[in-house]
Amino acid sequence: EFRRVLFRFFSVLKLFSPTAYSQTKSTDTLTVMAKIWSKDEDKQVHYSDWKAFLAITIDGIKGFDQTKKIPTDKIYQSRTDKKGNKTGFFHTEKKNGRWWVVDPNGYYTYVTAVNGIRPLRTTPLPSTFTDINDWAKQTIIALDTNGFNTAGCWSDTSEIIAYNRTSANPIAYTTQLSLLSGYVSETKKQYKHRKDQSNLSFIMDDDFPAYCREKCKLLKSTLNDKNLLGHFSDNEIGFTANELKSVLKNKNEIDKAYLFCRNYATAKGWNLDSLTKEQQKIILGEMAGIYYAIVYKAIKDADPNHLYLGSRIHSNAKNNQYIFNYLQKYTDIISINYYGDWQPRADFINDWATWCDKPFFVTEFYTKAEETGMNNMSGAGWIVKTQKDRGIHYQNFCLALLKAKNCVGWHWFRYQDNDPNDAKADDSNKDSNKGIVNLQYEFYQPLMQYMKALNTSVYPLIDFFDSQNSK
């Protein structure tokens, strides 16, 4: 316990050191109380007692002029003072050591997204909306007003596309193809004996590439849509130490993941029963490489116009150099679902930049407020006391990302709170305050004030941090 406390103490010091993101003498910090999420070996969720965490907001950054404005366009909220190549579609460019997303018109932009922009499926829309189209219009305009420029994963893309057709101010959006998860679901229904096999096993199937090619034929409908940022292939595939441990423990002779591990270890002269952590990482990296090669080819063959956004790696997969070796080769932007820390760790971000010369964005993060009275036990976000505290956390978390030159944005999880009456929701999305709107579609204003203040200052903040780093 003492070692864990000591580690956290020095982690906090590092986050405020000159070699990390900021110095305590150049910022004023706040203190926010939070409960830390964890999961035990039986996969039961636990939260710690209240603990104090330091936080930085825009107001506490000494020397930053909040009145400074940078001209932006009304389409994608891109900065119009910096321009790259105009290709007609979103792409990425690196200039002066910093990565950027470049919009279809050639302007540099930074992705500020919200996931799951879609209405509840259990209850009708409130009377504040005349119909689903009016909901889409009001919602997208409100997001734009608060500085969000992209609809993230699991959003209602059909309504967004319909809105974009007639709007002078469209919103960029993403798709979730669910290639491996879809293939696993269909295959397990057909072959009952595989129901307990790891999803990693199905990557090795001879039929998986053909499945991906067939599913990606559907991308033809959005091939020329300039508002489409790009495609995610899956979400949180188990390229993790625990998943590998489970595969090796079961020793299932018909599990292709186990057979791959055994054959790879034999070829390397390794003892499969006593693999080192480094050897485990290498094997997971090789399995990831097979997956990314398959899905990248299927996606790019069907849609060469749009970005491939990866598979939203999570947990200790985001700390595996060997996975990043293949992300370098097969992704345009690396997507990372980031939980487990109060703010992005400097050493993690530096590792990603060292391992891979590709940009990343964080595709999931959030906190939940105790004051809502919701159960708040589902999902990996930490618990804070109030909506204001959620806003402070948002600024603190995202300011660390803005300082990172390999980061091109973030995606808040999610648009609306989890519906406790949704029987079809998975266990990670039940009765929790994750949204920027409540179940009545009302925005949490204390949260939104902090979000808007940061989102509308993204470009001046980037310039400020870059100028500080150059001194």
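Keep in mind that this is a model prediction, so the values were computed, not measured. Only this structure's heavy atoms are used, side chains among them; waters, hydrogens and symmetry mates stay out.
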Candidate pair Tyr47 and Lys368, rule side chain to side chain donor-acceptor pair (under 3.5 Å), full reasoning:
CA-CA 12 Å; Tyr47 279 94; Lys368 304 172 281 192; 2.6 Å; yes

Do we see a donor-acceptor contact under 3.5 Å between the side chains of Asn227 and Tyr76?
yes

Does the plane of the ring in Tyr366 sit parallel, tilted or perpendicular to the ring in Trp412? Use 30° and 60° as the thresholds.
perpendicular

Can a side-chain donor-acceptor contact be found between Gln66 and Asp59 if the only test is distance below 3.5 angstrom?
yes

Check whether more than 12 heavy atoms from other residues, nucleotides or ligands sit under 6.0 Å from atom NZ of Lys94, and answer yes or no.
yes

Within 45° cone of Trp50 ring axis and under 6.0 Å: Lys385 NZ or CZ
yes

Examine Tyr339 together with Phe365 and report whether their ring centres are nearer than 6.0 Å.
no

Sequence neighbours excluded, the answer for side chain to side chain contact (heavy atoms under 4.5 Å, CB included) partners of Thr331 is Tyr308, Leu327, Ile334

Determine, stepwise, if the pair Lys403 / Asn469 fulfils side chain to side chain donor-acceptor pair (under 3.5 Å).
CA-CA 9 Å; Lys403 296 170 187 175; Asn469 289 336; over 6 Å; no

Of all pairs that satisfy salt bridge (charged side-chain N to carboxylate O under 4.0 Å, His left out), the ones with a partner from residues 144-159, not counting sequence neighbours:
none

Heavy-atom closest contact (Leu228 atom, Phe90 atom, distance)
O-CD1, 3.6 Å

Salt-bridge contact Glu186-Lys189 (side-chain N to carboxylate O under 4.0 Å)
no

Spatial distance of atom CG (Leu180) from atom CG (Asn235) [nearest 0.5 Å]
11.5 Å

Return the minimal non-hydrogen interatomic distance between Leu223 and Pro304, and the atom names on each side.
CD1-CD, 3.9 Å

What heavy-atom pair brings Trp342 and Leu54 nearest, and what distance separates the two atoms?
NE1-O, 2.8 Å

Residue pair Ser315 / Thr240, side-chain donor-acceptor N/O under 3.5 Å
no

Between Phe89 and His306, is a side chain to side chain contact (heavy atoms under 4.5 Å, CB included) present by the stated rule, with each step listed?
CA-CA 7 Å; Phe89 298 99; His306 297 104; 3.5 Å; yes

Centroid-centroid distance, Tyr330 to Tyr296, less than 6.0 Å:
yes

Examine the side chains of Tyr291 and Ser233 and answer whether a donor and an acceptor come within less than 3.5 Å of each other.
yes

What one should report as the nearest heavy-atom pair of Tyr211 and Leu179 is CE2-O, 3.2 Å

How would you list all residue pairs meeting side-chain hydrogen bond (donor to acceptor under 3.5 Å, both in side chains) that involve residues 121-133, not counting sequence neighbours?
Arg121-Asp422, Thr122-Asp419

Give, for atom CG of Leu125 and atom CD of Gln138, the distance between the pair rounded to the nearest 0.5 Å.
10.0 Å

I would like to know whether Asp332 and Lys300 meet salt bridge (charged side-chain N to carboxylate O under 4.0 Å, His left out); could you show each step before the answer?
CA-CA 11 Å; Asp332 297 308; Lys300 289 296 186 177; 2.8 Å; yes

Any donor-acceptor N or O pair under 3.5 Å, side chains Ser178, Asp234:
no

Check against side chain to side chain donor-acceptor pair (under 3.5 Å), Asn433 and Asp417:
CA-CA 5 Å; Asn433 170 225; Asp417 286 341; 2.9 Å; yes

May I ask you to establish whether Lys318 and Tyr338 are in a cation-pi arrangement, using a distance under 6.0 Å from NZ or CZ to the six-membered ring centre and at most 45° from the ring axis?
yes

Are there over 12 heavy-atom neighbours, none belonging to Lys188, within less than 6.0 Å of that residue's NZ?
yes

Would you compute the distance between atom CD1 of Ile61 and atom OG1 of Thr57 and round it to the nearest 0.5 angstrom?
7.5 Å

Starting at CD1 of Ile161, measure out to CD1 of Ile171 and round the result to the nearest 0.5 Å.
12.5 Å

Could you tell me if Lys430 and Asn375 have a donor-acceptor pair between their side chains, going purely by distance under 3.5 Å?
no

Which of Gln387, Arg390, Lys35 passes side chain to side chain contact (heavy atoms under 4.5 Å, CB included) with Thr367? It is Arg390

Can you name the side chain to side chain contact (heavy atoms under 4.5 Å, CB included) partners of Ser155, sequence neighbours left out?
Ile117, Ala151, Ile160

Do the side chains of Asp28 and Lys62 get close enough for a salt bridge, i.e. N-O under 4.0 angstrom?
yes

Working for side chain to side chain donor-acceptor pair (under 3.5 Å), residues Tyr163 and Ser167:
CA-CA 6 Å; Tyr163 170 83; Ser167 175; 3.2 Å; yes

Please report the C-alpha distance between Tyr441 and Phe129 in whole Å, then the side-chain angles of each, then the deciding distance to 0.1 Å, and finally whether the ring pair (Phe, Tyr, Trp, His ring centres under 6.0 Å) criterion is met.
CA-CA 10 Å; Tyr441 296 82; Phe129 308 114; 5.6 Å; yes

Side-chain H-bond candidate by donor/acceptor type, Ser38 with His46, under 3.5 Å
no

Please say whether the positively charged group of Arg194, taken as NZ for Lys or CZ for Arg, lies over the ring of Phe202, i.e. under 6.0 angstrom from the six-membered ring centre and within 45 degrees of the axis.
yes

Short side-chain donor-acceptor distance under 3.5 Å, Gln321 and Asn325:
no

Between Thr109 and Gln77, is there a side-chain donor-acceptor contact under 3.5 Å, judged purely by atom types and distance?
no

Residue Asp206 excluded, over 12 heavy atoms near CG under 6.0 Å
no

Gap between atom CD of Gln395 and atom CG of Leu30 - 0.5 Å precision:
9.5 Å

Under a 3.5 Å cutoff, is there a donor and acceptor pairing between the side chains of Tyr183 and Asp207?
no

Apply side chain to side chain contact (heavy atoms under 4.5 Å, CB included) to Tyr108 and list each qualifying residue two or more places apart in sequence or on a separate chain.
Arg79, Lys82, Glu93, Lys95, Trp100, Val102

From CG (Asp389) to CH2 (Trp382), nearest 0.5 Å:
14.0 Å

Distance-only side-chain donor-acceptor flag, Glu236 / Asn337, under 3.5 Å
yes

When you compare the side chains of His231 and Asp303, does any donor N or O come within less than 3.5 Å of an acceptor on the partner?
yes

For atom NZ of Lys86, is the number of surrounding heavy atoms from other residues, nucleotides or ligands below 6.0 Å larger than 12?
no

Output all residues satisfying ring pair (Phe, Tyr, Trp, His ring centres under 6.0 Å) with Tyr444, sequence neighbours left out; order by chain, then residue number.
none

Using only heavy-atom distances, determine whether the side chains of Tyr459 and Asp81 contain a donor-acceptor pair under 3.5 Å.
no

For Met287 and Ala257, which heavy atoms make the closest approach, and how far apart are they?
CE-CB, 3.7 Å

Phe361-Trp410 aromatic ring centre distance below 6.0 Å:
no

Does a donor on one side chain sit under 3.5 Å from an acceptor on the other, for Asp65 and Thr67?
yes

